[in-house]
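Written out below as structure tokens is the structure these notes cover.
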Amino acid sequence: HEDSVLPIPEGWSFNEAAAVPLAAMTAWQALQPSMPLQGKRVLVHAGAGGVGSFAIQIAKAQGAWVATTCSGKNAAFVTESLGADLAIDYTKQKFEEACTEPYDVVVDLIGGDYELRSMPLLKRSGHFANVLNSGFINQYGAVKGPALLTYYLARHMLAGAITGPRYTFTVMKHQARHGLTELAELMKSGKLKVTIDRVLPLAEAAKAHEVSEVGHVRGKLVLQVATE
């Protein structure tokens, strides 16, 4: 599909380029409804992971103030390497306690109770981006979950109003026009970089899945089909 590919930017290896599209386009499309992000406050959950690490960089490239949740061992990584303004160590405090001002955007890559705990942090004009991991749907199912979510948004977040914070599910669209073109420009300018946790041969795809499912991967895992 020619509409889904672009040339690899100069200076990027095949492994680095391969680690970008899926995660970075997901991050771009989660943030896109709130763009431009200049001057906005953004909260990214799981900022040290693949999608989260790109979400931080995209938001910073557009001039946002960014907070992110991560483990203490990744605090320096998300602030010094990725540019986040605030790293919240979820092992030591509840993120709500560290968020003293409301946010324009929340990107939720964890789900579960993070969803309910994050919603009150939004401004009335804010945007909650759920990357297919709704706590309501996980707990109550695909039929009852959305209905309860709608009720919660109307009653608790909007106080009965018919307008207010937006809630979106992010399902990544693969065409280059849905963010890849802009991401390539960020790659060329040095405003977007990729962190590769490890590179595994294609024969170890099962191991890669095991590592990914355990979690706590910093950046991306890459399966290498052949040597360059």
Side-chain angles (χ1 to χ4, degrees), residues 22-35 37 40-60 62 64-71 74-75 78 82 84-91 93-142 145-158 164-173 179 212-213 215-220:
L22 179 61
M25 289 179 72
T26 299
W28 180 276
Q29 291 168 29
L31 292 166
Q32 192 168 30
S34 299
M35 292 180 181
L37 300 173
K40 293 183 178 179
R41 292 173 57 83
V42 177
L43 173 61
V44 178
H45 287 309
V51 177
S53 63
F54 287 123
I56 291 171
Q57 295 179 82
I58 293 167
K60 290 302 299 180
Q62 292 199 9
W65 188 94
V66 181
T68 186
T69 55
C70 63
S71 63
N74 285 320
V78 298
L82 303 180
D85 298 283
L86 174 66
I88 304 169
D89 182 354
Y90 64 82
T91 67
Q93 71 176 138
K94 293 182 177 180
F95 63 83
E96 318 80 300
E97 297 173 352
C99 298
T100 57
E101 296 183 38
Y103 286 85
D104 298 283
V105 189
V106 174
V107 179
D108 184 11
L109 302 166
I110 297 178
D113 71 335
Y114 269 57
E115 184 177 45
L116 271 174
R117 291 162 56 196
S118 298
M119 288 180 181
L121 303 178
L122 277 173
K123 294 179 180 179
R124 181 171 291 275
S125 58
H127 170 222
F128 188 97
N130 186 305
V131 186
L132 285 182
N133 200 13
S134 169
F136 281 92
I137 293 177
N138 289 344
Q139 184 173 352
Y140 297 106
L148 290 173
L149 173 59
T150 300
Y151 174 80
Y152 180 90
L153 291 173
R155 175 132 186 209
H156 296 282
M157 289 179 65
L158 313 185
R166 292 166 294 166
Y167 184 105
T168 60
F169 286 103
T170 303
V171 182
M172 200 275 282
K173 303 178 182 69
S212 178
E213 289 168 5
H216 304 293
V217 172
R218 178 180 289 186
K220 293 290 295 177

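No hydrogens, no waters, no symmetry mates; every other heavy atom, side chains included, goes into these values.
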Enter the distance from [X]:[atom1] to [Y]:[atom2] here, rounded to the nearest 0.5 Å.
{"X": "Tyr90", "Y": "Cys70", "atom1": "OH", "atom2": "SG", "value": "8.0 Å"}
{"X": "Thr100", "Y": "Leu121", "atom1": "OG1", "atom2": "CG", "value": "10.0 Å"}
{"X": "Leu31", "Y": "Asp104", "atom1": "CG", "atom2": "CG", "value": "11.5 Å"}
{"X": "Ser118", "Y": "Phe95", "atom1": "OG", "atom2": "CZ", "value": "3.5 Å"}
{"X": "Lys94", "Y": "Arg117", "atom1": "NZ", "atom2": "CZ", "value": "6.5 Å"}
{"X": "Leu37", "Y": "His127", "atom1": "CG", "atom2": "NE2", "value": "10.5 Å"}

Hey, is the main chain of [Y] close enough, under 3.5 Å, to the side chain of [X] for a donor-acceptor pair?
{"X": "Thr69", "Y": "Ala46", "answer": "yes"}
{"X": "Lys40", "Y": "Ser34", "answer": "yes"}
{"X": "Gln93", "Y": "Asp89", "answer": "no"}
{"X": "Asp85", "Y": "Ala67", "answer": "no"}

- Could you tell me whether the side chain of Leu86 reaches within less than 4.5 Å of the side chain of Trp65, counting heavy atoms only?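 A side-chain contact under 4.5 Å exists here.
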
- Task: With the side chain counted from C-beta on, respond yes when Asp108 and Met119 share a heavy-atom pair under 4.5 Å apart, and no when they do not.
- Result: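 SC-SC contact between Asp108 and Met119 ruled out.
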
Please report the shortest heavy-atom distance between [X] and [Y], naming the atom on each side.
{"X": "Ala30", "Y": "Ala129", "result": "O-CB, 3.5 Å"}
{"X": "Gly50", "Y": "Lys220", "result": "CA-CD, 3.7 Å"}
{"X": "Ala87", "Y": "Val78", "result": "CB-CG2, 3.7 Å"}
{"X": "Ala24", "Y": "Ile58", "result": "O-CD1, 3.9 Å"}
{"X": "Val44", "Y": "Val42", "result": "CG2-CG1, 3.9 Å"}
{"X": "Ala64", "Y": "Lys60", "result": "O-NZ, 3.2 Å"}

- Query: So which of Val51, Val106, Thr68, Val131 actually passes side chain to side chain contact (heavy atoms under 4.5 Å, CB included) with His45?
  - Reply: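 Of the listed options, the one satisfying the test is Val106.
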
